[in-house]
Amino acid sequence: MLLRQLKKKFGHMPIEMENRVMTMPIEKLQDLAEAIFDLGTLDEVDNFINR
């Protein structure tokens with residue numbers, strides 16, 4: 001569901017980013033699900049994932 005939301009908000013996502021999202025621990029996925037409203041670019045999403 002989170003990947004669908006990210007794609008809807010940002011359009012195309014690099015496959016590498018999709019793979020990283022799919023392998024994130026549940027706690028980090030929950031944090032990203034909340035942060036999606038504050039993230040404005042794919043670069044910000046990438047930075048969030050890499051934290």
Side-chain angles (χ1 to χ4, degrees):
M1 178 59 117
L2 183 56
L3 278 176
R4 289 176 63 193
Q5 291 173 321
L6 287 165
K7 287 179 185 179
K8 183 169 178 115
K9 182 171 182 176
F10 299 108
H12 172 76
M13 285 182 59
I15 191 71
E16 303 83 25
M17 186 180 290
E18 286 186 37
N19 290 337
R20 285 194 320 243
V21 169
M22 289 191 302
T23 60
M24 289 169 58
I26 189 72
E27 297 83 14
K28 187 127 180 165
L29 285 171
Q30 291 171 335
D31 292 343
L32 179 56
E34 290 179 20
I36 193 173
F37 300 107
D38 301 320
L39 301 171
T41 67
L42 276 179
D43 285 336
E44 291 177 355
V45 174
D46 193 47
N47 290 337
F48 185 93
I49 292 170
N50 291 323
R51 289 195 281 163

Met17 and Leu6: CA distance, side-chain angles, deciding distance, side-chain contact (heavy atoms from CB on, under 4.5 Å) verdict | CA-CA 11 Å; Met17 186 180 290; Leu6 287 165; over 6 Å; no
From [X] [atom1] over to [Y] [atom2], what is the distance, rounded to the nearest 0.5 angstrom?
| X | Y | atom1 | atom2 | value |
| --- | --- | --- | --- | --- |
| Leu42 | Lys9 | CG | NZ | 10.0 Å |
| Glu18 | Thr23 | CD | OG1 | 12.0 Å |
| Leu2 | Gln30 | CG | CD | 10.5 Å |
| Gln5 | Phe37 | CD | CZ | 6.5 Å |

Of the non-hydrogen atoms in [X] and [Y], which two are nearest, and what is the gap between them?
| X | Y | value |
| --- | --- | --- |
| Leu29 | Val21 | CD2-O, 3.5 Å |
| Phe10 | Val45 | CE1-CG2, 3.5 Å |
| Phe48 | Leu39 | CB-CD1, 4.4 Å |

Do you reckon Ile49 sits in the same ILVMFWY cluster as Met22, going by side-chain contacts under 4.5 Å, direct or chained?
->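 Yes; tracing contacts between hydrophobic side chains, which count when under 4.5 Å, links both residues.
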Between Ile15 and Leu32, is there a shared hydrophobic cluster once you connect ILVMFWY residues whose side-chain heavy atoms come closer than 4.5 Å?
->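 No, no single cluster joins them.
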List the steps and the verdict of side-chain contact (heavy atoms from CB on, under 4.5 Å) for Leu3 and Met13.
-> CA-CA 9 Å; Leu3 278 176; Met13 285 182 59; 4.2 Å; yes
Would you indicate whether the side-chain heavy atoms of Asn50 and Arg20 approach each other to under 4.5 Å?
->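 Yes, their side chains come closer than 4.5 Å.
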